[in-house]
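Heads up, the thing below is written out as structure tokens.
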Amino acid sequence: MEIESTIKALVSRAIGELYQATVSDESVQVQITRKDLEGDLTVVVFPYLKVSKKGPEQTGSEIGEFLKAHLSAVDSFNVVKGFLNLNLSHQFWIGELNKMVANVDHGFVKPADDSPLMMIEYSSPNTNKPLHLGHIRNNLLGFSLSRIAAVNGFRVVKTNIVNDRGIHICKSMLAWKKWGEGQTPDSTGIKGDHLVGDFYVKFDKEYKQELAQLQAQGLNKDEAESQSQLMKEAREMLLLWEQNDPEVVGIWKMMNSWVYKGFDETYKALGVDFDKTYYESQTYTYGRDMVLDGLEKGVFYRKDDGSVRVDLSSDGLDEKVLLRSDGTSVYMTQDIGTAKLRFDDYAIDKMVYVVGNEQNYHFQVLSLVLDKLGFSWGKDLVHFSYGMVELPEGKMKSREGTVVDADDLVAEMINTAREMSKELGKLDGYSEQEAEAIYRMIALGALKYYMLKVDPRKTMTFNPRESIDFNGNTGPFIQYTYARIQSVFRKAVEKGMTHHDEVGDVALTDKENNLVRMLTSFPTVVSEAAQTYSPALVANYAYDLAKEFNQFYHDSPILFEENDDKRNLRLTLSKTVGQTLKNAMWLLGIEVPPRM
RNA sequence: GGUCCGGUAGCUCAGCUGGAUAGAGCAGCAGCCUUCUAAGCUGCGGGUCAUGGGUUCGAAUCCCGUCCGGAUCACCA
């Protein structure tokens, strides 16, 4: 809020003139006045008691008088304990409202051609299994962060890195080859990513059986693992793949194409997308070259077993393998190559990786390794480390079949939205197609809001029952508030009422005042969300605003208000709230319906 | 064991760059539709902010110790 910095500067001037002391503008504490007290903004005066050598009441009054004399927006003030509560004039707030309604992108700072470029990596799926709940949090966070960055003056490139190679991919390939009997998505009617996932599970099952057999023959666990025939075949397959063996590459291409088609559907259903997709299969060789280059330069070393490693003990970490003794690449190799390629492709000012906090160590190492290789951006990379998603019963475990599949979840939510809407008769008169679009909007609104409203850094609990709740602190509650506002405007047209955005000089009720005040703080929320990488701030703001509006809506007539000026104010206020809710939800990747 | 993260109402979460009487939602109970959408609104009950110290005018918030939970410390990704 602009007014806050004005007040801060004035308070610091007041301290200088009244008490001959110096305080920085920044150090002045201005906060929103508590709801149960009179006032709009509050200055905390405790810090100045030492220099004023007076009591809190008197110091507050003196500063209050100064502000009133020097700032026309200050109407009156009161002092409670050490808090100076300022009442700002209704003319001031109406001026703010008029500015906001005139700017549909209120709070957004659009980037220019020479704005800094931020690349945000998110999603990063493996091609051996379909997307699940954990990926959903990742995708929603990544997408929302991209939008938040884009309205905070960044040019944004959304990027995906597909982990399409490696031993895990070979496992599903091997299983398909051994037991697949030529199955395809078409022949089975199973979505491609799910079909491949089934073979991955099949491999794991057979592998476990083999281990059990070996152990039954008297081998211990480690011995059994090293003697496993299946694992040996998988490793051989990886080697063949890296040597471009035609048969292996053929299977790989075919199965990956199934998976990509499946992923595309899921991404589309979630409403997320990417500007540039990288494939590990195309980047890992760059990483390998860079590691070998580093080896030559003496940044890394080769151990007697043949593996190439980096020693990070001087940074408080351990040594880390960068190339296996058989020469094949590991996860880290690939990330080094991808980073290099990206910085060759784009003039990146800020690189953000949206990856779970289980990989904190990996990114610590990546940052150091890139730095050692001489890349200035190594140290500056941002690992946006988000928390895991758990179920009320605890962690998701594939072995116990508790993994929540992304496609299933979205489909279920849409079903629930459809049933609920039909029961309430909300969309009577809409065509089936129109109604379906809104069911989807509501379902995704519920899911996205549910996942984005919590602090991304924290582990969260996904309660299926709560996630499809449409009441209370939910996405649909906010969507509903928006829909109500649209309904008011439709009614206004029906009644032939005229409305102009510009509001004249009218007194404001407490609720109206609160709403205008909340609206003016939207830009601050948007900017803080970018600085702290937290869509949750936007989500919570949207909820607070919707809640406040519903209270206003409940006890203030809008169209039925007979006084023209008041009615006009309420319409403008409603319009601005609607626009702001829409913008806030857009930042979360959530659409708002005209009706629901 | 080392490192990192967390512990706020029965449950899920806000609040954490120190500020006034710690807030929402869900769940429970009681109300409000002949007025702009009741997917809404109002009220009630519910708290040793894990715990013990410290810093200060003031601590859920900052610092230290303890307890509890999680992540990680792979030639997996």
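Just so you know, these numbers come straight off a predicted model, no measurement behind them. Labels below follow one simple rule: chain letters A, B, ... track the order of the sequence lines, proteins then strands, and each chain is numbered from 1.
Each of rU37(B), rU42(B), rC16(B) was ranked by its minimum atom distance to the side chain of K547(A); first place goes to rU42(B). When distances run from any side-chain atom of Q359(A) to the nucleotides rC36(B), rU12(B), rA77(B), the shortest one goes to rA77(B). Considering only the side chain of N471(A), rC26(B) comes nearest among rA38(B), rC13(B), rC26(B). For N360(A), whose side chain is taken as the heavy atoms from C-beta onward, the closest listed nucleotide among rC41(B), rU37(B), rC4(B) is rC4(B). Candidate nucleotides rC75(B), rU37(B), rA20(B) were compared by shortest atom distance to the side chain of K81(A), and rA20(B) ranks first. Side chain of V488(A), nearest nucleotide from rC13(B), rU72(B), rU37(B): rU37(B). In the set rG19(B), rA24(B), rU37(B), the nucleotide with an atom closest to the side chain of Y553(A) is rU37(B). Closest contact between the side chain of D36(A) and the listed nucleotides rA20(B), rA39(B), rU21(B) involves rU21(B). Nearest to the side-chain atoms of D318(A) among the listed nucleotides rC73(B), rC16(B), rC13(B) stands rC73(B). Between rA77(B), rC13(B), rC75(B), one nucleotide has an atom nearer to the side chain of V321(A) than all others, and that is rC75(B).
Within the shown strands, nothing qualifies as a pairing partner of rA9(B) under the Watson-Crick or G-U definition with both distances less than 3.5 Å. Across all strands shown, rA71(B) is found opposite rU3(B) as a Watson-Crick or G-U wobble partner, with both distances under 3.5 Å. In this structure rA50(B) sits in a base pair with rU66(B), meeting the Watson-Crick or G-U test at under 3.5 Å. Partner assigned to rA22(B) is none, using Watson-Crick or G-U wobble distances below 3.5 angstrom. Across all strands shown, rG28(B) pairs with rC44(B); the Watson-Crick or G-U wobble distances both stay below 3.5 Å. Base-pair partner of rU34(B): not found among the strands shown (Watson-Crick or G-U wobble, both distances under 3.5 Å).
Taking the C1' atom of each, rU21(B) and rC11(B) are spaced 25 Å apart, rounded to whole Å. For the C1' atoms, the distance from rA24(B) to rU42(B) is 16 Å, rounded to whole Å. Spacing of C1' atoms, rG53(B) relative to rA14(B), comes out at 28 Å, to the nearest Å. To the nearest whole angstrom, the two P atoms, one in rG10(B) and one in rA50(B), are 13 Å apart.
With salt bridges taken as basic N to acidic carboxylate O contacts below 4.0 Å, none links E591(A) and K582(A). A salt bridge between E512(A) and K566(A) is absent, with no side-chain N of the basic residue lying under 4.0 Å from a carboxylate O of the acidic one. A salt bridge links K35(A) and E548(A); the closest N-O separation between the charged side-chain nitrogens and carboxylate oxygens is under 4.0 Å. Salt bridge present: K208(A) and D204(A) bring a charged side-chain N and a carboxylate O closer than 4.0 Å.
An anti base is found at rC63(B): its glycosidic angle is more than 90° from 0.
Using a 4.0 Å heavy-atom cutoff across all strands shown, M460(A) reaches sugar-phosphate atoms only and no base atom. Contacts of S124(A) with the nucleic acid, taken as non-hydrogen atoms under 4.0 Å apart, are absent.
Each of I438(A), I442(A), L444(A) was checked for a side-chain contact (heavy atoms from CB on, under 4.5 Å) with R440(A), and the lone residue meeting it is L444(A).
Stacking of F83(A) onto the six-membered ring of rG19(B) is not present when judged by under 5.5 angstrom between centres and under 30° between planes.
With 3.5 Å as the limit, one finds no donor-acceptor pair spanning the side chains of S61(A) and E57(A).
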